[in-house]
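Order of the sequence lines fixes the chain letters, A, B, ..., with proteins taken first and strands second; residue numbering starts at 1 for each chain. FYI, side chains are in, hydrogens and waters are out, and symmetry mates aren't considered; it's all heavy atoms of this structure.
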There are 4 protein chains.
Amino acid sequence: MSADPQVPLRADARRNRDQIIAAARTIFAEFGPEVPMEEIARAAGVGVGTLYRRFPDREALIRAVAVDNFSRVLEDAREAAEQEPTAWCALVRLLHQSVELHLSVQLAMLSKKAHEILKEDPVIARLREELLVELEAMVQGAQDEGTLRPDVAEGDVAMLFALLLRQLESRSPEIARMSTERSIAIMIDGLQARPGTPLPGRPLGRRDIN
Amino acid sequence: MSADPQVPLRADARRNRDQIIAAARTIFAEFGPEVPMEEIARAAGVGVGTLYRRFPDREALIRAVAVDNFSRVLEDAREAAEQEPTAWCALVRLLHQSVELHLSVQLAMLSKKAHEILKEDPVIARLREELLVELEAMVQGAQDEGTLRPDVAEGDVAMLFALLLRQLESRSPEIARMSTERSIAIMIDGLQARPGTPLPGRPLGRRDIN
Amino acid sequence: MSADPQVPLRADARRNRDQIIAAARTIFAEFGPEVPMEEIARAAGVGVGTLYRRFPDREALIRAVAVDNFSRVLEDAREAAEQEPTAWCALVRLLHQSVELHLSVQLAMLSKKAHEILKEDPVIARLREELLVELEAMVQGAQDEGTLRPDVAEGDVAMLFALLLRQLESRSPEIARMSTERSIAIMIDGLQARPGTPLPGRPLGRRDIN
Amino acid sequence: MSADPQVPLRADARRNRDQIIAAARTIFAEFGPEVPMEEIARAAGVGVGTLYRRFPDREALIRAVAVDNFSRVLEDAREAAEQEPTAWCALVRLLHQSVELHLSVQLAMLSKKAHEILKEDPVIARLREELLVELEAMVQGAQDEGTLRPDVAEGDVAMLFALLLRQLESRSPEIARMSTERSIAIMIDGLQARPGTPLPGRPLGRRDIN
DNA sequence: AATGAATGAGAGTTCATTCAT
DNA sequence: GATGAATGAACTCTCATTCAT
C-alpha cells in the first residue's frame, strides 16, 4: 500500500513509481538512506531522470518509502487485531512480525537526517498515529485480559518494537533470525503480567515517544 | 582507555589525539560515521591537517574510536564483575550502564561501512572477545545462582545489549532516558529465571554472534 | 584518431570527449601531467564533473591522451613509409615530423608516474609495438639501400626520436624550432652510412628499449 | 662544489646543508621537483624544520641544487678543456660525461615551474654564461682544428647536450646507459667536419638559447 | 639549533540535481 | 515521458610552511 496519488498515473508511470519505491526500500535498508540516487535508479531499472520526475528530491523518495512502510505495518497491526483471539496474541504476533518488517522500517530511524525528514511529514504523522492507536488498543486489551503487565503503555511497546527494527548487521541469516526471535521472546516474557521488578518511571504513552 | 601508542607521543600531540577521539565519539554518535572530517576537527579544536596527521583516513579514526569504546565497556564489565556481590547483579548493572555507553558504542554498528571496517580489525576483535569472555562468566555465574534463566547464553545477552546501544533518535532526553531504562527493566524481567515461554532455538554463545 | 568507443557515445558526449582529449594534450604538454584537472576541464570548456564522467581519474585521461598521441605517430609513420620513395627518406621525414609531434608525445615520458601508468596499458603497448615494427622496416630498408649506417637498429632510432620529443622549455618559438631542426639534421648526418666512429655496444632492437 | 656561503656555517650546519642538497639532487632526479619536502628531509636524515631553516622554501632548494649542478658541469668542462689535447676531444669528453651528469642536471628543465625559477636566478645565469663561454671556446677551437663542422655554434652543442640530459625512464640501467652512449656517438658523428647535409638556419650562439 | 606537530589552502573526486536529446 | 550527460558544490585528503617544544 502506497501513498495518495492525486491524479491516477498512467499505467507505465505507475509501474515505474512502484519499482522505484521497491528498489529504494531494499537499497535504503541495505546501504542506508545516503546511497547515490543513481544506484536506486539502476536497481529500479530506470534512468535518474525518471526517478527525479517521480520524486523531486531525495527527501521525497525517503518520505514515499516511509509511507509505504508504515502503511504495511499498520495493515499488519489491523489484521492481527482482527484475526487473533486475544489482544495479547495480537501483540505477540505483531512483535514477531516485526522481524519481517525490520528491513522496511528501519529506515525510519536509520539516520538523523532521515529522522528529521520524517518527523515533519504529516502523512507519516497520521500513519504513525493510527498505528499507535492500534497499539494502544492492544495494550489496553491485553492488560484488561490480565496477560500484559499493567505498568506499561503503548509507548513502551513501541519502543521495544523499534529496538528490534534496528537489525544488527552481518552474521549468518539463520543466527540473525534466531537471535532476533529469542530477543523477542525474552522481551515478551518480560512483558508478561507477573510479579517482577517494578518498572522505573511511568508508563510511556504515544505522546511520550516523540 | 585508548589504544597502544608505539612511540609515546609528545605531550601536545597526545592531548590532541585524545581530544580528537573524544570529539569523534560524540559527533559520530550524533550524526553517524559519515560526518565531514572537518566537523570533527572543529569539535576537537584542531585543524583538519592535525586530524589527518593522527589518523591517516576516516577508517583509522573510526577504528580508534571503536577501540576506545570497547575498552571502556570492557573495563566497566570487569569492574561490575569484581564489585557486585552476584553475577546477576553484575549483569543488571552492565545492562543499565549500557545507557551511559550507548553514545560511545553505537558507532560499532551504525552503518554497513563502519561495520565492514571494524569487522576486519584484529585489535577490535580481541577486545570484543575479551568482553564476551566476561559476559560468559557472568551468564554462567548467574545461571549457577539460579537467577538467570538457564536457556540463554552470552550471545543472547550481547544481542539484547547491542539492541540497546542502537539508541533511537530525537525525543526529549528525559523520555529517551526513561524509555531506555524501562526497556532494560522489561528485558531483565524477561531474563529472570522463572517459568515463562521457552525460548525458540538454542542458547546463543559468543561464537554464534558473528 | 582516438580510442575505441565500446558503445557509440551520444553526439554531444562524443564532442565533449574529443575536446577534453585535445585540451589535455595541449595542457599536459605545456604544464606536465600534474596540472589541476580543473585546468583541463576549463580549457576543454566543460565542468570537472564532465571530465570525470568521461575519465574516471587522471590516469584514465593520461592513458587516453597517450593512445591518441601514439595513434597519430603511427599513422604518420605509415604514411611516410608509403609515400616516400626510399626508406631513408621516410626515416628522415619521420624525424622531422617529430617536431610537430613533440607536443603531443612528450607526455609519454614526462614524469615517472606517467611512465608507470602507460607502461601497464595493453592498448598503448600494442600501438608502441606497431610503431616499432614500422620503424624496424624503415631501418632495415634504409640499411639495405646503403643509406643508413649498418650498426644501428630501430631501438637506436627510437631513442633519438624520443630525445627530441623532450622539448626544452622556454626561449622564442622560432629559435626553439630552428634549434630542433638543426639537432635533427646533425643526428641524421650522424646516422648516414659513412665511415665514422663505430658505435659502442650493439644495435638496439625494439626488445631492448623496454 | 656548492654555493657561496655568506657567513661560513658551523661545521654541523654545513654538513646538514650538504646532506640536504645531496639528497635533494637524487630525489629531484628520480621523482621530479614536486616531491614532498618531507621526503627530501627524510632522505637527508633531518627534520623538515631543519630543511626550512636552511632553505626558506622549495624554490630556494631548487636553486641551490641547480647551482650545485651547474658548478659541477662547469668544473668538468674546464677540466676537459685543460686536460684534453684537442678542443674536439674536450668536446667529445664533455658530451660523454653528460651521462654522468644527466641525473643531476635534468632538474634544470624538468618542469615548467622549475624552469621559471631558474631563469630568474642571477647566480645560475652567471654559471650558465661561464659554461657557455667554455663551450664557445671548445667549438671555436675544434672548428679551427677542422674537426668540427663549421656550421654549428655553441648553442647547437648546448642543445644536443641538453637533449641528452633528459634521460628516458625505465628499462634496464645497462641498456639505458648503452643507448645513451650510442646516441651520443651518433650525434658526435653528425657533428664531425665532413661533407654532409648543410644544416638549416644559422649557427646558434649562446645568446640564442634563452 | 633541531625537531616534528599544527595549520589551512588547494587538489582530486563524488554525486545531487538540472537539462538537452 | 524517458534518458543519461553536464554541472558544480561539497567533501576527502595532501603538503608547504610555520611554530611550539
Nearest heavy-atom contact between V65(C) and A24(C) is CG2-CB, 3.6 Å
Check for a donor-acceptor pair, side chain of R58(C) on one end and backbone N or O of V35(C) on the other, with a separation under 3.5 Å. yes
Apply side chain to side chain contact (heavy atoms under 4.5 Å, CB included) to residues F28(B) and I40(B) and explain how you reach the verdict. CA-CA 8 Å; F28(B) 277 155; I40(B) 297 168; 3.7 Å; yes
Does dA2(F) have OP1 or OP2 under 4.0 Å away from a side-chain N or O of N16(A)? yes
Side-chain N or O of R14(C) closer than 4.0 Å to phosphate OP1/OP2 of dA5(F): no
Looking at CD1 of I117(D) and CD1 of I62(D), how far apart are the two atoms once the value is rounded to the nearest 0.5 Å? 4.0 Å
The reported gap from CZ in R17(D) to CG in L51(D) (rounded to nearest 0.5 angstrom) is 11.0 Å
Distance-minimising heavy-atom pair for Y52(A) and D57(A): CE2-CA, 4.0 Å
Let me know the distance between CD of E59(C) and P of dT13(E), rounded to the nearest Å. 9 Å
Could you run through DNA chain E and flag its stems, i.e. three or more consecutive Watson-Crick or G-U pairs with both distances under 3.5 Å? E:2-21 with F:2-21
Between P of dG1(F) and CZ of R15(A), the distance in whole Å: 14 Å
Please report, rounded to the nearest Å, how far the P atom of dA5(F) is from the CZ atom of F55(C). 13 Å
What does the B/S/- profile of nucleotides 10-16 of chain F look like, 5' to 3', with a 4.0 Å heavy-atom cutoff to protein? -SSBBSS
Among dA5(E), dT3(E), dA2(F), the one nearest any side-chain atom of V46(D) is dT3(E)
To the nearest Å, give me how far apart CD (E39(A)) and P (dT14(E)) are. 13 Å
Grab the CD1-C1' distance between I20(B) and dA5(E) for me, whole Å please. 11 Å
Taking atom C1' of dG1(F) as reference, at what distance in whole Å does atom CZ of R54(A) sit? 8 Å
Taking S71(D) for the side chain and V67(D) for the main chain, is one N or O donor matched with an acceptor at less than 3.5 Å? yes
How long is the gap from CZ on R63(A) to CD on E120(A), to the nearest 0.5 Å? 8.5 Å
Taken to the nearest whole Å, CZ/R42(B) to P/dA6(E) is 18 Å
Which atom of A64(A) lies closest to which atom of F55(A), heavy atoms considered: CB-CE2, 3.6 Å
Gap between atoms CD1 and C1', on I40(D) and dT17(F) respectively (whole Å): 14 Å
